[in-house]
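Since the structure comes first, as structure tokens, the remarks are kept for the end.
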Number of protein chains: 2
Amino acid sequence: MASRTVEDYIKQIYQEQQPVPGQLVSLGRLATAMEVVPGTVTTMVKALAEAGLVSYEPRQGVRLTPAGEKLALHVLRRHRLIELFLVQVLKFDWSEVHAEAEELEHAVSERLLERIDELLGRPGFDPHGDPIPSAAGEVAQPRLHPLNAARPADRGVIARIADQQAEFLRYATARGLVPGAEVVIQSVDVPGDSITLLVQGKSRTLGRAAAAGILVAWQPEAAASE
Amino acid sequence: MASRTVEDYIKQIYQEQQPVPGQLVSLGRLATAMEVVPGTVTTMVKALAEAGLVSYEPRQGVRLTPAGEKLALHVLRRHRLIELFLVQVLKFDWSEVHAEAEELEHAVSERLLERIDELLGRPGFDPHGDPIPSAAGEVAQPRLHPLNAARPADRGVIARIADQQAEFLRYATARGLVPGAEVVIQSVDVPGDSITLLVQGKSRTLGRAAAAGILVAWQPEAAASE
DNA sequence: TATTTCCCTTTGAGTGTTCAAAGTGGAAAA
DNA sequence: TTTTCCACTTTGAACACTCAAAGGGAAATA
Ligand SMILES: [Mn+2]
Ligand SMILES: [Mn+2]
Ligand SMILES: [Mn+2]
Ligand SMILES: [Mn+2]
């Protein structure tokens, strides 16, 4: 059985290499993310390589092996199912489930996870819109785009909040910027570094940086073919 | 924060010294219960004493300090609330919740525990009839008696199953011997080492050893005053 | 009283995870 | 080309937990 520490390292490597699967993750990046000194990561990564979970290229970085990726997806599945369970069954706010899931993901048995999955109706996405890997390790990858790349008159549905800091999630909730909400872009102010959009009948303006944390599935424009 | 290991040792010491609170628990007993070699317990107990959780009398045994007892009750509260939650909300069988709770009791936050307690309606007893300590550390101690000490015509309600091995719990379930069930003693066969009683309209016979694992709250006899 | 026995303790060692601090490789700057 | 610099690695040590095996205390037995 992988220890709690190993599970967290593998999950972190998966997330750091997400943008470009198969990409090398530098150990410095990992050290920052795991909040340990660089020497600790070097030691740990050698152990992970020994266990066959990563391939390690000294001074270049690490990347997950198939076994590592399988483990990462299992941990992510636990994490995200637990977050959804906490929100739907125990009425937690979506801004406070992450820390809790970070612990519980290492403690739930397969049997309990299966019960939770069943009770929730085999959901595909967690409260933040992140896809929940299936028990077999498959992940949905909907084509989403950050709000900051939108153009006026674009119309779509918020699918995912990438910035999951508690403060940002509370900010987003207060403005109706939650997965499932329909949005229409009203204007993009390039010099002003902001974007204005219509959500739930209200006009909202937010900066580019904030907009970058919100991912939208755009509706295909009826007029523009191809 | 007490580690998982420390919490388990302290809980075990509490349970071993339960029959006579304040009693010394021998390290050998503890080694058997924790499934480690005796030397490990000696080392660990010194650390627990150092942390102020137990008082250690070399070659005599250990006993919890007030701080140790407080910790034990907190862990037991988590364990028992989790067991009840698994049975009531996730529809686990009461014979399979123990192992799960043994892990989760170290992973749930105070906030999550509070939600569970609230959702369950601040219950006083777990699925096996064990009292759930309050957040303040108070435990109900109903006066219960083992079935093997019953006399013919005694009448009462099963309150607790002390033998919590999965196999015994399934055996008990199949015969209606569960907390809340009314029982009337029909006969006690001393040479035959068995006892016969009426449960849910059915007559059941069980051996003394099995009867000892079932605790009953007897109804005061109407006829006998004093 | 002398001996045996059993439990408990001590010692030395190993694993997993971490840090502080010193050392090194190699890309980038000069 | 040479130097500088930063990221990475190495080394030595600590902490929590564990075991195997040897040593010791004192109650029970003879
Ligand atoms: Mn999360
Ligand atoms: Mn975690
Ligand atoms: Mn239990
Ligand atoms: Mn436990």
Side-chain angles (χ1 to χ4, degrees), chain A residues 1-14 16-17 20 23-65 67-68 71-72 75 102-103 105-107, chain B residues 1-14 16-17 20 23-65 67-68 71-72 75 102-103 105-107:
Chain A
M1 282 295 93
S3 70
R4 192 212 135 104
T5 310
V6 166
E7 290 190 343
D8 281 337
Y9 270 92
I10 292 297
K11 179 157 62 92
Q12 195 62 51
I13 293 168
Y14 179 90
E16 298 288 337
Q17 90 179 21
V20 185
Q23 180 192 214
L24 281 172
V25 177
S26 80
L27 301 219
R29 234 179 131 71
L30 212 42
T32 306
M34 301 298 297
E35 300 183 71
V36 294
V37 301
T40 301
V41 171
T42 304
T43 307
M44 197 64 205
V45 154
K46 282 182 188 169
L48 296 177
E50 194 62 35
L53 295 169
V54 304
S55 71
Y56 167 43
E57 318 215 334
R59 295 185 188 271
Q60 304 305 133
V62 263
R63 104 179 84 233
L64 296 179
T65 60
L71 176 57
V75 179
E102 201 55 56
E103 295 297 319
E105 66 190 358
H106 312 290
Chain B
M1 281 296 93
S3 70
R4 192 212 134 102
T5 310
V6 166
E7 290 189 345
D8 282 337
Y9 271 91
I10 292 297
K11 179 157 62 88
Q12 195 63 51
I13 294 167
Y14 179 90
E16 298 289 336
Q17 88 178 22
V20 185
Q23 182 192 213
L24 281 172
V25 177
S26 79
L27 301 219
R29 233 178 131 70
L30 212 42
T32 305
M34 300 299 296
E35 300 184 68
V36 293
V37 301
T40 301
V41 171
T42 304
T43 306
M44 196 63 206
V45 154
K46 283 182 187 169
L48 296 177
E50 194 62 35
L53 295 169
V54 303
S55 72
Y56 167 43
E57 318 216 335
R59 292 180 191 275
Q60 303 304 301
V62 263
R63 106 179 83 233
L64 296 179
T65 60
L71 176 57
V75 180
E102 201 55 56
E103 294 297 319
E105 67 189 355
H106 313 290

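In the text below, chain A, chain B and the rest are named by the order of the sequence lines, each starting its count at 1.
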Requested in this report: Rounded off to whole Å, could you give me the CG-to-P distance for the B:Leu48 and D:dC15 pair?
Outcome: 17 Å

Requested in this report: Given side-chain contact (heavy atoms from CB on, under 4.5 Å), test B:Met34 with B:Met44 step by step and report yes or no.
Outcome: CA-CA 11 Å; B:Met34 300 299 296; B:Met44 196 63 206; over 6 Å; no

Query raised in the report: Taking CD from B:Glu50 and C1' from D:dC17, how many angstroms apart are they, rounded to a whole number?
Result: 16 Å

Requested in this report: Return no unless some side-chain N or O of A:Lys46 is found under 4.0 Å from OP1 or OP2 of D:dT9.
Outcome: no

**Report entry** Protein-nucleotide distance (B:Glu7, atom CD; D:dA16, atom P), rounded to Å
**Finding:** 15 Å

Query raised in the report: Has B:Tyr9 got a side-chain N or O lying under 4.0 Å from the OP1 or OP2 atom of D:dA16?
Result: no

**Report entry** Protein-nucleotide distance (B:Ile10, atom CD1; D:dC17, atom P), rounded to Å
**Finding:** 11 Å

Query raised in the report: Tell me, do A:Leu64 and A:Val25 make a side-chain contact under 4.5 Å, heavy atoms counted?
Result: no

Report task. Report yes if a side-chain nitrogen or oxygen of A:Thr5 is closer than 4.0 Å to either non-bridging phosphate oxygen (OP1 or OP2) of C:dT17; otherwise report no. Result -> yes

Query raised in the report: Among D:dC17, C:dT17, D:dT9, which is the nearest nucleotide to the side chain of A:Leu27?
Result: D:dT9

Report task. Nearest 0.5 Å please: distance from the CG atom of B:Leu27 over to the CZ atom of B:Arg59. Result -> 10.0 Å

**Report entry** Any pair counted as side-chain hydrogen bond (donor to acceptor under 3.5 Å, both in side chains), so long as it reaches residues 26-52 of chain B, sequence neighbours left out
**Finding:** B:Glu16-B:Arg29

Query raised in the report: Which ones in residues 33-44 of chain A lie close to DNA chain D, meaning a heavy atom under 4.0 Å from one of its atoms?
Result: A:Pro38, A:Gly39, A:Thr42

Query raised in the report: Can you tell me if the side-chain N/O atoms of A:Tyr56 get under 4.0 Å from OP1 or OP2 in D:dT9?
Result: yes

Query - Any B:His106 side-chain heavy atom under 4.5 Å of A:Glu103 side chain - result: no

Query - Any A:Tyr9 side-chain heavy atom under 4.5 Å of A:Val41 side chain - result: yes

Report task. To the nearest Å, give me how far apart CZ (B:Arg59) and P (C:dT9) are. Result -> 6 Å

